[in-house]
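Here is the structure we will look at.
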Amino acid sequence: MSRGWARLQAVAVSGSVAEGLMLTVLPLAAVSITTDPREVSLVQVVGQSPWLLFSLFAGVLIDRVRRTTVLGVAFAVQCVAASALVAFGVAGALSLPLLLVVAFVVTSAQVLGDGASGALVPEVVEPDRLAAANTRLMLIDRGVVQFVVPPVGGLLAGFGFGVPAGVAVAAALTALVLSGAFRPRPSHRLPGTRCAASPRG
């Protein structure tokens, strides 16, 4: 296993932990603010809208900008969003508009980060291992975000919404540092290969 591929998996795990915690805590925070199901569901709708609005744009951007730069920007944005949730939570100033903004920003960063991670795979693994590598990244992403993190995030939220948000900040910072030290090997890219961000199923 190459060092680049190991680092990319570590980035994927750290980033998925940050994403999963934020996506778990936002609806719980919304329920603590309002009992109106329309307002709570609005957080979910706004949080998923970047997949519809920005997927094509993200693919074009990732195809033209250095992928590690896109990763770094995505995780930096996640850090800022999670830090804002921590700060407002500690101050007791959480509001529905804030949650809507954070949900939109976190998922927008997720669109970029997931797309850039997938586009980096051909740069760190041999062509005959691409299918297996892409499958492993998908398993990391879905397994962490959808199965491992939600129950842990719900447990942490019992101690205050700032706790899971704080852990998300640490995870996003870890992913940011790892992506900054990432050194892909361009020789593994397939000529003419283009990429596009894909939403989770």
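Note that the numbering runs from 1 along the sequence shown for the chain.
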(request) Decide yes or no on side-chain contact (heavy atoms from CB on, under 4.5 Å) for Val86 and Val90, but give the supporting numbers first. (result) CA-CA 6 Å; Val86 172; Val90 170; 4.3 Å; yes
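- Between the side chain of Thr107 and the backbone N or O of Gln48, no donor-acceptor pair lies under 3.5 Å.
- Within the 3.5 Å criterion, the main-chain N or O of Leu52 finds no donor-acceptor partner in the side chain of Ser55.
- From Leu56, atom CG reaches atom CH2 of Trp51 across 13.5 Å, with rounding to the nearest 0.5 Å.
- Note that CD of Gln78 is 10.5 Å distant from CG of Leu21, once rounded to the nearest 0.5 Å.
- Under a hydrophobic clustering in which Ile, Leu, Val, Met, Phe, Trp and Tyr are joined whenever their side-chain heavy atoms come within less than 4.5 Å, directly or via other members, Val17 and Phe159 fall into the same cluster.
- When hydrophobic side chains of Ile, Leu, Val, Met, Phe, Trp and Tyr are connected at separations under 4.5 Å, Phe147 ends up as a singleton with no cluster partners.
- Here the closest non-hydrogen pair linking Ala165 and Leu85 is CB-CD2, 4.0 Å.
- If you take CZ on Phe161 and CG on Leu99, they are separated by 9.0 Å, rounding to the nearest 0.5 Å.
- Of all non-hydrogen atoms in Cys79 and Ala172, the two that sit nearest each other are SG-CB, 3.4 Å.
- In plain terms, the two heavy atoms of Ala18 and Ala168 that are nearest each other are CB-O, 3.5 Å.
- Linking Ile, Leu, Val, Met, Phe, Trp and Tyr residues whenever their side-chain heavy atoms come within less than 4.5 Å places Val65 and Ile62 in a single cluster.
- The two residues Ala74 and Leu112 have their closest heavy-atom pair at CB-CB, 4.2 Å.
- Residue Trp5 is tested with Arg3, Arg7, Gln9 for a side-chain contact (heavy atoms from CB on, under 4.5 Å); the sole match is Gln9.
- One finds the CG atom of Leu130 at 10.5 Å from the OG1 atom of Thr135 (value rounded to the nearest 0.5 Å).
- The cluster map of Ile, Leu, Val, Met, Phe, Trp and Tyr, joined by side-chain heavy atoms under 4.5 Å apart, puts Leu94 and Leu100 in the same cluster.
- Placement of Leu155 and Leu28 in two distinct hydrophobic clusters is found when ILVMFWY residues are connected by side-chain heavy-atom separations under 4.5 Å, directly or transitively.
- Here the closest non-hydrogen pair linking Thr24 and Gly154 is CG2-N, 4.0 Å.
- Judged by distance alone, with hydrogens and angles left aside, the side-chain atoms of Arg67 form no donor-acceptor pair with the main-chain N or O of Ser117 at under 3.5 Å.
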(message) Before you tell me yes or no, could you show the steps for Val11 and Phe75 under side-chain contact (heavy atoms from CB on, under 4.5 Å), namely the whole-Å CA-CA distance, both residues' side-chain angles and the distance that decides it to 0.1 Å?
(response) CA-CA 10 Å; Val11 169; Phe75 293 129; 3.5 Å; yes
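- Two different hydrophobic clusters hold Leu26 and Val80 under the rule that ILVMFWY side chains link at heavy-atom gaps under 4.5 Å.
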All N/O donor-acceptor pairs, side-chain side in residues 37-46, below 3.5 Å, sequence neighbours left out:
residue, atom, partner, partner atom, Å
Arg38, NE, Asp36, OD1, 3.2
Arg38, NH2, Asp36, OD2, 3.1
Glu39, OE1, Thr34, OG1, 2.7
Ser41, OG, Pro37, O, 3.0
Ser41, OG, Arg38, O, 2.9

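- Through direct or indirect side-chain contacts shorter than 4.5 Å among Ile, Leu, Val, Met, Phe, Trp and Tyr, Val101 is connected to Val73, Val77, Val105.
- Looking only at side-chain heavy atoms (C-beta outward), Asp141 and Glu19 come within less than 4.5 Å of each other.
- The shortest heavy-atom contact between Val121 and Ala133 is CG1-CB, 3.7 Å.
- Exactly one of Leu178, Leu120, Asp114 qualifies for a side-chain contact (heavy atoms from CB on, under 4.5 Å) with Leu71. That residue is Leu120.
- For the atom pair OG1 (Thr174) and CG (Leu176), the distance works out to 9.0 Å, reported to the nearest 0.5 Å.
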